[in-house]
Amino acid sequence: MRELYIANKNYSSWSLRPWLLMTQLGIPFIEQLVPFSQQGNFDKFRTFSPSGKVPCLVQKELVVWDSLAIAEFLYESHKSVWPQDSKARAFARCAAAEMHSGFSALRNNCGMSCGHRVQLHQVSPALQQDLSRLSELFEQGITQFGGPFLAGPQFSAADAFFAPVAFRMQSYDLAFSAIARDYLQHLLALPAMQNWYQQALAEPWTDAAHDQEIASYGKITADYRQLS
């Protein structure tokens, strides 16, 4: 059985991607959640991941330590990971790769925290550029392939890669075009996304570094985490 190593569901956008992909498509795995540590994560995560980062998929002696590589590895045995149509598949792969390597302003200014609601101090030009590009990308996919998912009627890895954007939209009330917002709301409503969200709110762990970074970019207006 495959083991998927992830970190806190409240914060770890990278962990969400393969977790959602496998959960939504019914690909069996054992979840191994290793919380972030105030003392640092590299040495602890190195016990299962060569990069010292999450996510990491372990299948017997095989280790796959990158989210996009995990998607491609799973595609070898589960063809539903990417769309069947070649044009849709090419678009989905390009979109996922763009998310995997880009949108740094969104990542830096709007760190994922499922439980927080934040009013940003400002929307910088770099962040607005990222939001505009995302709206453009989502509109292109929905218009070209008919929706409701990014590359057609079926959920694929591309949708898993943009799932953290949906949580960021919810947490920071980010402005997207109508088509883009409807798409992200559709992702939020998926049972697997709701499952992740509820588990994130119920986590007993917090991470001061993540919380401080979030507070540095905006005013925290609500915290829905069920902390004791």
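The analysis underlying the following values was restricted to heavy atoms, covering all of them including side chains, and did not include hydrogens, waters or symmetry mates. All residue numbers refer to positions in the sequence shown, counting from 1.
- There is a path of hydrophobic side-chain contacts, each under 4.5 Å, that joins Y75 to L62.
- The OG atom of S135 lies 13.0 Å from the CD atom of Q140; values are rounded to the nearest 0.5 Å.
- Residue R181 comes nearest to F176 through the heavy atom pair N-CB, 4.1 Å, listed as atom of the first residue, atom of the second, then distance.
- Summarising the geometry, atom CZ belonging to R117 is positioned 5.0 Å from atom OG belonging to S171; distances are rounded to the nearest 0.5 Å.
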- Message: side chain to side chain contact (heavy atoms under 4.5 Å, CB included), that's the test. Do L57 and L74 meet it? Break it down for me.
- Response: CA-CA 10 Å; L57 187 69; L74 293 172; 4.2 Å; yes
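- Looking at R225 and D211, a side-chain N of the basic residue comes within less than 4.0 Å of a carboxylate O on the acidic one, giving a salt bridge.
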- Message: Assess the residue pair Q185 and M169 against the criterion (side chain to side chain contact (heavy atoms under 4.5 Å, CB included)); give the C-alpha distance rounded to whole Å, side-chain angles, the decisive distance to 0.1 Å, and a yes or no.
- Response: CA-CA 9 Å; Q185 291 288 1; M169 179 185 73; 3.7 Å; yes
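- The hydrophobic cluster containing F36, built from Ile/Leu/Val/Met/Phe/Trp/Tyr side-chain heavy atoms closer than 4.5 Å, also comprises Y5, Y11, V34, F45, F48, V54, V58, V63, W65.
- A donor-acceptor contact shorter than 3.5 Å is absent between the side chain of N41 and the backbone of K53.
- Cluster membership for L227 and L33, using ILVMFWY side-chain heavy atoms within less than 4.5 angstrom, is not shared.
- Annotation: cation-pi geometry not satisfied between R133 and F138 (NZ/CZ under 6.0 angstrom from ring centroid, within 45° of ring axis).
- Counting non-hydrogen atoms of other residues, nucleotides and ligands closer than 6.0 Å to CD of Q144 gives a total above 12.
- Taking the six-membered ring where the residue is Trp, W19 and W196 present perpendicular rings, their angle passing 60° and hence far from 30°.
- The shortest side-chain heavy-atom distance between F149 and L190 falls under the 4.5 Å cut-off.
- Residue C114 holds its SG atom at 7.0 Å from CG of L201, rounded to the nearest 0.5 Å.
- The neighbour count for K79 NZ, taken as heavy atoms of other residues, nucleotides or ligands under 6.0 Å away, is above 12.
- For the pair D223 (side chain) and H116 (backbone), a donor-acceptor distance under 3.5 Å is absent.
- Between the side chains of D159 and Y183, at least one donor N or O lies within less than 3.5 Å of an accepting N or O.
- Between D66 atom CG and I70 atom CD1 the span is 7.0 Å, to the nearest 0.5 Å.
- Side chains of S132 and Q128: a donor on one and an acceptor on the other come within 3.5 Å.
- Counting only distance, with no hydrogens or angles, the side chain of R17 and the backbone of S67 share no donor-acceptor pair below 3.5 Å.
- In this structure, the separation between OG on S15 and CG on N10 is 12.0 Å, given to the nearest 0.5 Å.
- For the atom pair CG of L16 and OH of Y197, the computed distance is 13.5 Å after rounding to the nearest 0.5 Å.
- By the 4.5 Å heavy-atom criterion applied to side chains, P153 and F145 are not counted as neighbours.
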- Do I27 and R2 pass the side chain to side chain contact (heavy atoms under 4.5 Å, CB included) test, and can you show the C-alpha distance, the side-chain angles, and the key distance before you say yes or no? CA-CA 9 Å; I27 300 173; R2 303 180 182 95; 3.7 Å; yes
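- What you find for A192 and T23 is that their closest heavy atoms are CB-CG2, 3.8 Å.
- At a threshold of 4.5 Å between non-hydrogen side-chain atoms, the residues V118 and K219 do not count as touching.
- Both F167 and I220 sit in one connected hydrophobic cluster of ILVMFWY residues. Membership requires side-chain heavy atoms under 4.5 Å apart, directly or through other members.
- Looking at W14 and M112, their side chains never come closer than 4.5 Å, going by heavy atoms from C-beta outward.
- A distance-only check finds no donor-acceptor pair linking the side chain of N195 to the backbone of P191 [under 3.5 Å].
- Closest heavy-atom contact between P28 and M22: O-CE, 3.9 Å.
- Counted within 6.0 Å of CD on E213, heavy atoms from surrounding residues, nucleotides or ligands total more than 12; the atom is thus considered enclosed.
- A side-chain donor from one of S37 and Q39 sits under 3.5 Å from a side-chain acceptor of the other.
- P55 is listed as a side-chain neighbour of L4, based on a closest heavy-atom distance under 4.5 Å.
- The two residues P83 and A92 have their closest heavy-atom pair at CD-CB, 3.9 Å.
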- Message: side chain to side chain contact (heavy atoms under 4.5 Å, CB included) for L25 and H78? Distances and angles first, verdict last.
- Response: CA-CA 9 Å; L25 296 182; H78 299 273; 5.9 Å; no
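- By the 4.5 Å heavy-atom criterion applied to side chains, V81 and S156 are not counted as neighbours.
- Between M193 and A166 the shortest heavy-atom distance is CE-CB, 4.2 Å.
- Summarising the geometry of L68 relative to A96, their closest heavy-atom pair is CD1-CB, 4.4 Å, with the distance given to 0.1 Å.
- With hydrogens and angles ignored, the 3.5 Å screen pairs no side-chain donor or acceptor of E139 with any backbone N or O of A180.
- Proximity of R168 to L174: side-chain heavy atoms (C-beta onward) are separated by under 4.5 Å at one or more points.
- Other residues, nucleotides and ligands contribute more than 12 heavy atoms inside 6.0 Å of the CD atom of Q198.
- Side-chain contact between E98 and F162: absent, with no pair of heavy atoms (C-beta onward) separated by less than 4.5 Å.
- Using a cutoff of 4.0 Å between basic side-chain nitrogens and carboxylate oxygens, K9 and E31 are scored as salt-bridged.
- A donor-acceptor pair under 3.5 Å is absent between the side-chain atoms of K44 and the main chain of G52, judged by distance alone.
- Checked by atom type and distance alone, the side chain of S49 never pairs as donor or acceptor with a backbone atom of C56 at under 3.5 Å.
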